[in-house]
Asker: 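There's a structure below that I have some questions on.
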There are 2 protein chains.
Amino acid sequence: MAHRIVSDEVFLATALDLFRTYGFEGVSLKRLADATGLEKASLYYRYPGGKDAIAMAIAKDVVTWFQANVFDPLVGGEPARKRVSFVAENLREFYAGGSKACLMDVLSIRGVSEELQLALKTAMQAWVSAFAQVAKESGHGSAAARSKAEEAILRIEGSLILARVLGETACFDRVLKLLPDLLTAA
Amino acid sequence: MAHRIVSDEVFLATALDLFRTYGFEGVSLKRLADATGLEKASLYYRYPGGKDAIAMAIAKDVVTWFQANVFDPLVGGEPARKRVSFVAENLREFYAGGSKACLMDVLSIRGVSEELQLALKTAMQAWVSAFAQVAKESGHGSAAARSKAEEAILRIEGSLILARVLGETACFDRVLKLLPDLLTAA
DNA sequence: GTCTATATTAAGATAGAC
DNA sequence: GTCTATCTTAATATAGAC
């Protein structure tokens, strides 16, 4: 087969989709190779650490996306409600309207490297902090704001599971719609 | 090695734990054999369908448990709030205080048989119906009661993910504590 | 930097002794 | 009904050509 050119960006986007669909253990190097058009040996050249390293690269990519599209837009000049609404739309896109799983979910079952587990935990803490900061602006104390933030995230995560099992995304939609209320209500 | 006696009950309980921890793809027949003290061939004798059949048997077991400890106690003479509190304590035990995953979560990622996916969906619908029935008693219309029920379940599922990723179960505790309020408030 | 080819280990699955 | 032994397939991983 002729040499292929597959950018890291495209490769990681494809791999992200696979991991979200089949979970860490459900994705083999062959599956990654077939889906991206590269050979297994080429994947090892790019990521000498194998599947662990690929999952780690994906996680880093997603964290970067969250930084730019969730954490950063949450601080700034516009009214808090408007900022949260904007972020909610970004999340709607990331989760494809509730039809794509969260990496935090599928990668947090045991089997993954300690390093990745820690990265997921750190990312989740950053997410909680970002949401809590907004809740604080609306007059909540630190502890209450943190609870509100956790509540918001856990609803998003839970609605994705419900949507996946039931095969309908209405609950995810409802959660996103209520997100501004939840985080900015006094 | 001498013959072993492992009851189906004990076998399925051990297997349930493994699937909740490692997910469907993360559990091999060898792992099941090692953990239960049976040989792989014995597992095939008991469950000719292999891993799919074992996962299915576990799912059926769990549905039976939910029927007895969640669905059934939700109908009956006692005040609604009290019934929900009772069920919340049962759920606390089933999820080991928030430290054990939900089968719905770990088995609903692709890779599992169509039959099992349908069983999970049916079980989830039953759970929603059971919760919705209680919400209806408190004066909500059908649609609102169903939303309340989905909200309750999605919070439980989401808090389990948050607890798993963060390594602390406080959010699961909070969700269970608010469960009676959520389902029985007018 | 990607390929073909292959080594090694583990998975799912079955045959046949006891 | 459980075991040992074995088959087949698929997974991770590496060597070496181009």
Side-chain angles (χ1 to χ4, degrees), chain A residues 1-59 106-107 109-117, chain B residues 1-59 106-107 109-117:
Chain A
M1 185 174 286
H3 286 210
R4 294 164 182 278
I5 310 286
V6 180
S7 70
D8 276 13
E9 195 183 349
V10 167
F11 171 77
L12 287 177
T14 307
L16 169 61
D17 242 39
L18 285 180
F19 279 106
R20 290 172 97 175
T21 305
Y22 300 102
F24 183 77
E25 301 283 355
V27 176
S28 67
L29 271 290
K30 168 156 172 47
R31 189 169 236 168
L32 280 165
D34 288 350
T36 60
L38 288 166
E39 288 299 322
K40 281 189 289 175
S42 302
L43 301 189
Y44 278 105
Y45 177 84
R46 294 191 184 199
Y47 304 94
K51 207 167 75 167
D52 277 336
I54 293 171
M56 193 68 196
I58 291 171
V106 301
L107 291 189
I109 55 170
R110 219 71 58 84
V112 109
S113 73
E114 295 283 331
E115 189 192 2
L116 180 47
Q117 284 181 48
Chain B
M1 187 173 287
H3 287 210
R4 295 164 182 276
I5 310 286
V6 180
S7 71
D8 276 13
E9 197 183 345
V10 167
F11 171 76
L12 287 176
T14 307
L16 170 60
D17 242 39
L18 285 180
F19 278 106
R20 290 171 99 175
T21 306
Y22 300 103
F24 182 77
E25 301 283 356
V27 176
S28 66
L29 271 291
K30 168 156 173 48
R31 190 169 236 169
L32 279 165
D34 288 349
T36 60
L38 288 165
E39 287 300 321
K40 279 192 289 176
S42 303
L43 301 188
Y44 277 104
Y45 177 81
R46 294 191 184 198
Y47 304 94
K51 205 167 76 167
D52 276 338
I54 293 171
M56 194 67 197
I58 292 171
V106 300
L107 292 188
I109 55 170
R110 218 70 59 84
V112 107
S113 72
E114 294 284 331
E115 190 192 1
L116 181 48
Q117 284 181 48

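Given the structure is predicted, the values throughout are model-derived calculations rather than measurements. Residue numbering restarts at 1 for every chain, and letters A, B, ... go by the order of the sequence lines.
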Asker: If the cut-off is 4.0 Å, is B:S42 near the phosphate of D:dG1, judged by side-chain N/O to OP1 or OP2?
Answerer: no

Asker: With 3.5 Å as the limit, what N/O pairs link the protein to nucleotides 10-12 of chain C?
Answerer:
unit_1: C:dG12; atom_1: OP1; unit_2: B:K51; atom_2: NZ; d: 3.4
unit_1: C:dG12; atom_1: OP2; unit_2: B:L29; atom_2: N; d: 2.7

Asker: Side chains of A:D8 and A:Y47: does their closest heavy-atom pair fall under 4.5 Å?
Answerer: yes

Asker: Rounded to the Å, how far apart are A:I54 CD1 and D:dA11 P?
Answerer: 14 Å

Asker: To the nearest angstrom, how far is B:L43 atom CG from C:dT14 atom P?
Answerer: 13 Å

Asker: What is the distance, rounded to the nearest whole Å, between atom OH of B:Y45 and atom C1' of D:dA5?
Answerer: 20 Å

Asker: Less than 4.5 Å apart, side chain to side chain, heavy atoms only: is that true for B:V10 and B:T36?
Answerer: no

Asker: Could you tell me which non-hydrogen atom of B:T14 sits nearest to which non-hydrogen atom of B:A35, and how far apart they are?
Answerer: CG2-O, 3.8 Å

Asker: Kindly indicate whether the side chain of B:D52, heavy atoms from C-beta on, has any atom under 4.5 Å from the side chain of B:L116.
Answerer: no

Asker: Counting C-beta onward and ignoring hydrogens, is there a side-chain heavy-atom pair between B:F24 and B:I54 closer than 4.5 Å?
Answerer: no

Asker: Scan residues 14-32 of chain B for pairs that pass salt bridge (Lys or Arg N to Asp or Glu O under 4.0 Å), counting only residues two or more places apart or in two chains.
Answerer: B:D17-B:K100, B:K30-B:D34

Asker: A:E39 CD to D:dC18 P: how many Å, rounded?
Answerer: 17 Å

Asker: Roughly, in whole Å, what's the span from CZ in B:R46 to P in C:dA13?
Answerer: 18 Å

